[in-house]
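I have placed the structure first, in the form of structure tokens, so that the comments after it can refer back to it.
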Amino acid sequence: MEVKYKRGSKDDFYQTVNKLVNVYFESNKLSRKTNAFGLFKAIFLCFIYGGLYFLVLTSNGNNTLLLLSFALMGFIQICIVLNLGHEGVHGSFSNNKKINHILSYSFDLIGSSGYLWKMRHVYSHHHYPMIPEHDVDIQQTGLLSFLPLEKPNKAFRFQKIYVPFLYCGYTLNAVFKRDWEDFFSEKIGMKTVKHSRAAYASFIISKLIYFSYSLILPLLFSGGSWPMVILGFVLMHVAASLSAAVALFPAHLYEESVFPSPDGLGQLNDKWAEHQMRVTMDFGTRLPFVAFFFGGINYHAVHHLFPTVAHVHFPAIQKILKKTADEFNISYRHRPSLNDALYSHWRLLKKNGVPQLNEIV
């Protein structure tokens, strides 16, 4: 069933904020794509990652150096995909489509698939954020529940305790399970999937390259024992998983989260932009390093309204968005503290682990 948003008008919230953002770029003679600072970050993060990988290969049996380098690689991996890959799949890094396409392969660098991530993120999540059965990012796994349920699994009452440990395997699940299920399924969300022969070849080759550089080469050249190298590989994914969880989950999954459902004709109660504002939250903006390392993903309401704009412009756009939302009496969800945002996510797990009387709206 196709989901339809209410139609907007020329003087509504989105038209107004869009005009103001256009004025901001035009009056300051700025490109909507990345700037020198964004380019510096891209080079800096790749340089750090390359240095850490070099330390892994030359650790020469030093287990402390090996494990620490692997763990830091996991964190930098997420920084790279959020600063480069995420902007690549949205076409927001450069006006050159080829450059954006190349950057999307940074997801393959961490063992996932930029090709599949674009399908999941751009064509499912961004089109239908927080809409059950349409947004693949909130699909239930049977191990936890983000949605309020009248009769949740009895084990879910403990999800506030065990789910943070599940998050430690987030990227391992993507590499070994989710990507394969998505690639060989008929649909991702509501989108029918049909891959070309080139896509099949690219998917398999990228997986082989990933395991070769991240596991086989360290086994051959690091000088570490195979148990230590395997442990380092796992630590890398734990660090990447927890970094991804901190960067991604609070943006939509917080205590006041709503999960709007369309009526029998597929109609939603909100206009597109109002829906985006209703189901997203900016967070951690008090700490500049959050945006620096996580590619501005914490300015999430801004990103959902302007997905093709580079994240280096988000702090300025946020001021315009907040002021316009106030004028139109539209709720702008914002937790400047990263700790508060993470705690709110934990409260969501706690709340939805027990039977709920409220319905999905």
Side-chain angles (χ1 to χ4, degrees), residues 42-43 45-57 69-70 73-94 96-125 136-137 169-189 191-222 226 229-230 232-241 243-244 295:
I43 296 172
L45 291 170
C46 290
F47 178 79
I48 295 297
Y49 189 74
L52 290 169
Y53 184 62
F54 176 77
L55 290 177
V56 166
L57 294 183
S69 298
F70 260 126
M73 279 177 62
F75 171 69
I76 297 298
Q77 283 178 350
I78 298 304
C79 298
I80 288 176
V81 298
L82 291 178
N83 279 276
L84 281 72
H86 183 233
E87 300 223 320
V89 298
H90 280 290
S92 58
F93 189 89
S94 170
N96 188 315
K97 292 183 179 180
K98 290 183 179 180
I99 292 177
N100 289 323
H101 181 67
I102 291 171
L103 292 180
S104 72
Y105 281 101
S106 63
F107 284 97
D108 299 77
L109 178 72
I110 67 169
S112 188
S113 166
Y115 169 72
L116 290 175
W117 210 84
K118 184 173 184 176
M119 286 188 180
R120 292 176 60 89
H121 183 72
V122 178
Y123 302 134
S124 173
H125 172 67
V136 296
D137 284 353
Y170 179 73
T171 60
L172 280 170
N173 178 71
V175 171
F176 288 100
K177 183 174 182 288
R178 191 189 71 191
D179 277 0
W180 298 90
E181 289 178 347
D182 284 348
F183 194 82
F184 293 102
S185 67
E186 296 181 354
K187 284 189 174 183
I188 295 180
K191 183 179 177 63
T192 301
V193 178
K194 189 174 183 180
H195 308 296
S196 65
R197 291 182 179 179
Y200 275 95
S202 177
F203 180 76
I204 298 299
I205 291 172
S206 68
K207 292 289 186 183
L208 291 174
I209 291 174
Y210 169 71
F211 286 114
S212 296
Y213 100 83
S214 66
L215 196 54
I216 296 176
L217 290 182
L219 283 169
L220 293 175
F221 298 108
S222 70
W226 71 264
V229 174
I230 298 295
F233 179 81
V234 172
L235 283 177
M236 178 179 70
H237 275 282
V238 170
S241 296
S243 300

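Heads up: numbering here begins at 1 and tracks the sequence.
Listed by chain and residue number, nothing satisfies the side chain to side chain contact (heavy atoms under 4.5 Å, CB included) test with Ile102 (two or more places apart in sequence, or in another chain). Every residue meeting the ring pair (Phe, Tyr, Trp, His ring centres under 6.0 Å) condition with Phe211, not counting sequence neighbours, appears here in chain and number order: Phe176. For the side chain to side chain contact (heavy atoms under 4.5 Å, CB included) test, residues two or more places apart in sequence or in another chain that qualify with Ile99 are Phe93, Ser94, Asn96, Leu103. With sequence neighbours excluded, the residues that form a side chain to side chain donor-acceptor pair (under 3.5 Å) with Asp108 are Ser206. Applying the side chain to side chain contact (heavy atoms under 4.5 Å, CB included) rule to His195 yields the partners Tyr115, Leu116, Met119, Phe183, Val193, Ala199, Tyr200; only residues at least two apart in sequence or on another chain are considered. For Leu208, the side chain to side chain contact (heavy atoms under 4.5 Å, CB included) partners are Ile204, not counting sequence neighbours. By the side chain to side chain donor-acceptor pair (under 3.5 Å) test, Tyr213 pairs with Tyr49, sequence neighbours left out. Under the rule for a side chain to side chain donor-acceptor pair (under 3.5 Å), Asn100 has no partner lying at least two apart in sequence or in another chain. The side chain to side chain donor-acceptor pair (under 3.5 Å) check on Lys118 picks up nothing, with sequence neighbours excluded.
Listed by first and then second residue, the salt bridge (charged side-chain N to carboxylate O under 4.0 Å, His left out) pairs that reach into residues 202-220 are Asp179-Lys207, sequence neighbours excluded. Listed by first then second residue, pairs satisfying salt bridge (charged side-chain N to carboxylate O under 4.0 Å, His left out) with a partner in residues 97-106 number zero, not counting sequence neighbours.
Between His121 and Trp117, the two ring planes are parallel [angle under 30°; tilted spans 30° to 60°].
Atom OH of Tyr210 sits in a crowded spot, with more than 12 heavy atoms from other residues, nucleotides or ligands closer than 6.0 Å. By the 6.0 Å contact criterion, OH on Tyr123 is open, its count of non-hydrogen atoms from other residues, nucleotides or ligands being 12 or less.
Taking the side chain as every heavy atom from C-beta outward, Thr171 and Gln77 never approach each other to under 4.5 Å.
When all heavy atoms of Gly114 and Val89 are compared, the pair lying nearest together is O-CG1, 4.1 Å. The minimum heavy-atom distance linking Ala240 with Ile78 is given by the pair O-CG1, 3.2 Å. The nearest pair of heavy atoms linking Ile80 to Ser106 is CG2-CB, 4.0 Å. Scanning both residues, Pro218 and Ser222, for their nearest heavy atoms gives O-OG, 2.6 Å.
For Trp180 and Phe203, the ring centers are positioned less than 6.0 Å apart.
Considering CZ of Arg178 and OH of Tyr170, their distance stands at 5.0 Å, rounded to 0.5 Å. The line from CG of Leu84 to CZ of Phe107 is 10.0 Å long, rounded to the nearest 0.5 Å. Rounding to the nearest 0.5 Å gives a distance of 10.5 Å between CZ of Arg120 and OG of Ser113. Atom CG of Leu52 sits about 11.5 Å away from atom CG of Leu57, to the nearest 0.5 Å. Summarising the geometry, atom CD1 belonging to Ile205 is positioned 11.5 Å from atom OG belonging to Ser212; distances are rounded to the nearest 0.5 Å. Rounding to the nearest 0.5 Å places OG of Ser214 at 11.0 Å from CD1 of Ile110.
Looking at Ser69, its side chain never comes within 3.5 Å of a backbone N or O of Leu55 through a donor-acceptor pair. In this structure, the side chain of Asn173 does not engage the main chain of Gly169 through any donor-acceptor pair within 3.5 Å.
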